[in-house]
Amino acid sequence: MMLVFVLRHTVKTDTMAPPCGGERPLWPTPTVNQCQSNMATRWGICSAGKISNDFTVALKTLPPGDHQVVAVAARKLENAQEFAKKHSIPRAYGGYEALARDPDIDVVYIGVIHPYHLSTCLLFMNAKKNVLCEKPLAMNAKEAKQILASAKENDVFFMEAVWTRFFPVSVEIRRLLAQGEIGEVKMVRSEFGMPLHGVPRVMQKELGAGTMLDLGVYCLQLTCMVYNGEKPESIHATGTFMETGVDDIDVVTLKYSNNRLAVFICRSDIELPNEAVIVGTKGTIRIPGHIWCPTSLVVNGKETKYPVPEPYLPINFINSTGMRYEAEAVRQCLLKGLKESAVMSHADSLLLAEVEDEVRRQIGVVYSQDSQ
Ligand SMILES: NC(=O)C1=CN([C@@H]2O[C@H](COP(=O)(O)OP(=O)(O)OC[C@H]3O[C@@H](n4cnc5c(N)ncnc54)[C@H](OP(=O)(O)O)[C@@H]3O)[C@@H](O)[C@H]2O)C=CC1
Ligand SMILES: O=C1OC[C@@H](O)[C@H](O)[C@H]1O
């Protein structure tokens, strides 16, 4: 986070040279600068797409003194300007490079589709920007390693936006497991199915399509969270293909030491109950639905609800205001000068990427990025 002392909200007329990048600001640009201590975290949004919309709406459910969206960048300036107008964002850029050069950004949220996670992560981190990048981190473990290495080389904060981990339900699951509420976990069973065959980025390989990367990552992240980041001893995967050559249905079994197991099913053709169960030697924890954005938890038969805030603008995805939890976690990490989150660490992201690779290998899904 920059240590720059300037009066906040000094509104500059638009005769001012644009902050950077050449595009004329949409309207007078408030000078949004801050000292490090307790000023707002200044976000830049990379892409004007669906999840970027929802993330921006989620940020608005947090105190404006803690989070401010300063700029948005899209491939086309007009898309950035439309997004900026909708969300009252002061700066709009055509092209991501201008956002990378903006000195008033503390952290960039990357909401492009998976095939462009690598290039955009490198762009912003090489510009010394902290980054929160959407899941899945990358198309494969090789790309993931490049991203994580860049974060280290540039000494910036980086996190894969596995937003589920920051939900109150996930916090409670970790607390229960840490205190041994259900004894030793012996089984994690989960599923995520959603009818997505009409969505280009879920169908077309060149857009990063495939169920494991889009939906399976949620079952896998829950499993890895419950088993504390432990590598599975063996992985068995089978699946079916869409006519576009990517995985449609994946059935995965992960075996851990001491006869501990995990099984998950993910599919992009039909809606499933999307529940999960964690079975221990002394009890059971159940997520009764929406395992990727859970708002209810059943512990040994007793249910507790954790509702998310209502959005102030329309959102594209269920419970998206729940992205507020990861955003606040990023802020807390930045204020402490941390370069990664202990809740969704670099090692966690690498483990997800490696297991995703192995599942794809066994099923037979190959991306162009695998041979680059
Ligand atoms: N956490 C969650 O719950 C969710 C996460 N996601 C993740 O977010 C990412 C984006 O998903 P979503 O918002 O639905 O995607 P969109 O289809 O809305 O695309 C997002 C952005 O990606 C860029 N893009 C799209 N197509 C192309 C292309 N052919 N070539 C170059 N750039 C392209 C565009 O950026 P620009 O605006 O600059 O043109 C677009 O706005 C995915 O990685 C997905 O996994 C998605 C949904 C939910
Ligand atoms: O992350 C996600 O969560 C919800 C799904 O609708 C979406 O396709 C996926 O990317």
Side-chain angles (χ1 to χ4, degrees), residues 44-58 71-84 86-87 89 92-100 108-121 123-124 132-139 143-144 147 159-167 192-222 246 266-269 271-272 274 289-294 308 311 315-327 344 352 356:
I45 307 294
C46 171
S47 113
K50 297 184 190 69
I51 196 61
S52 290
N53 171 81
D54 289 21
F55 184 78
T56 305
V57 172
V72 57
R75 287 175 298 169
K76 293 179 183 163
L77 178 59
E78 58 267 31
N79 291 343
Q81 289 173 328
E82 183 185 349
F83 189 102
K86 176 180 176 184
H87 295 284
I89 299 169
Y93 298 120
Y96 307 143
E97 294 73 11
L99 180 62
V108 175
Y109 169 79
I110 294 179
V112 295
I113 56 174
H114 328 335
Y116 301 95
H117 289 185
L118 173 62
S119 57
T120 49
C121 283
L123 169 70
F124 292 113
L132 173 64
C133 177
E134 262 309 330
K135 46 54 63 179
L137 177 53
M139 293 305 295
E143 290 193 347
I147 291 169
M159 188 174 91
E160 180 184 3
V162 182
W163 59 315
T164 316
R165 291 230 170 157
F166 300 87
F167 271 62
F192 190 177
M194 192 175 263
L196 295 168
H197 281 187
V199 180
R201 71 170 180 80
V202 177
M203 292 292 287
Q204 296 165 33
K205 191 182 267 195
E206 67 278 9
L207 300 182
T211 302
M212 183 64 225
L213 289 191
D214 195 45
L215 305 184
V217 61
Y218 287 104
C219 301
L220 181 58
Q221 81 79 22
L222 173 67
V246 295
C266 51
R267 55 193 301 174
S268 298
D269 58 340
E271 187 83 23
L272 292 176
N274 296 330
H290 295 132
I291 68 150
W292 74 103
C293 54
V308 292
I315 49 178
N316 296 294
F317 303 101
I318 299 168
N319 292 342
S320 283
T321 53
M323 285 188 276
R324 68 200 304 264
Y325 303 119
E326 68 180 351
M344 188 59 211
L352 294 184
E356 288 158 5

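Nothing fancy with the numbering, it's 1 onward along the sequence. Just follow the structure's listing: the first ligand is 1, and inside any ligand the first atom is 1. Any value given below was found using the heavy atoms of this structure, including those in side chains, with hydrogens, waters and symmetry copies removed. Note that the structure is predicted; figures quoted are calculated from it, not measured.
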* Give the C-alpha distance, both sets of side-chain angles, the deciding distance and a yes or no for side-chain contact (heavy atoms from CB on, under 4.5 Å) between M323 and Y109. => CA-CA 11 Å; M323 285 188 276; Y109 169 79; 4.3 Å; yes
* To do: Measure the CG-CZ distance between L220 and F192 for me, rounded to the nearest 0.5 Å.
  => 13.5 Å
* **Minimum side-chain heavy-atom gap C133-T120 below 4.5 Å** => no
* **ligand 2 contact on H114 by region, counting heavy-atom pairs under 4.0 Å** => neither
* To the nearest 0.5 angstrom, please state how far the CZ atom of F124 sits from the OH atom of Y96. => 8.0 Å
* To do: Determine, using heavy atoms of K135 and all atoms of ligand 2, whether some pair is separated by less than 4.0 Å.
  => yes
* To do: Mind jotting down which protein residues get a heavy-atom contact under 4.0 Å with ligand 1? Chain and number order, please.
  => S47, A48, G49, K50, I51, A74, R75, Y96, G111, V112, I113, H114, Y116, H117, E134, K135, P136, W163, R201, L207, D214, Y218, F317
* If you measure from atom 1 (O) of ligand 2 to every heavy atom of W163, Y218, F317, which option wins on shortest distance? -> Y218
* Picking from I147, L132, I110, L137, what satisfies side chain to side chain contact (heavy atoms under 4.5 Å, CB included) with E160? -> L137
* May I ask you to list the atoms of ligand 2 that are less than 4.0 angstrom from any heavy atom of W292? => 3 (O), 4 (C)
* Contact partition for L196 relative to ligand 2, non-hydrogen atoms under 4.0 Å -> side chain
* Heavy-atom contacts with D214 under 4.0 Å: which atoms of ligand 2 show up? List them by number with element. => 7 (C), 8 (O), 9 (C), 10 (O)
* Asked: Which protein non-hydrogen atom lies closest to atom 5 (C) of ligand 2, naming both residue and atom, and how far is it?
  -> M194 SD, 3.8 Å
* To do: On the 0 to 90° scale, with breaks at 30° and 60°, tag the W292-H290 ring pair as parallel, tilted or perpendicular.
  => perpendicular
* From CG (L213) to CD (E356), nearest 0.5 Å -> 5.5 Å
* To do: Any chance you could measure M344, atom CE, to L352, atom CG, to the nearest 0.5 Å?
  => 4.5 Å
* **Atoms of ligand 2 close to R201 [distance to a heavy atom under 4.0 angstrom, numbered from 1]** => 7 (C), 8 (O), 9 (C), 10 (O)
* Structure fact -> side chain to side chain contact (heavy atoms under 4.5 Å, CB included) with H87: of N53, I45, V72, only one passes, and it is N53
* Asked: For the side chain to side chain contact (heavy atoms under 4.5 Å, CB included) test, which of N316, I315, V199 pairs with K50?
  -> N316
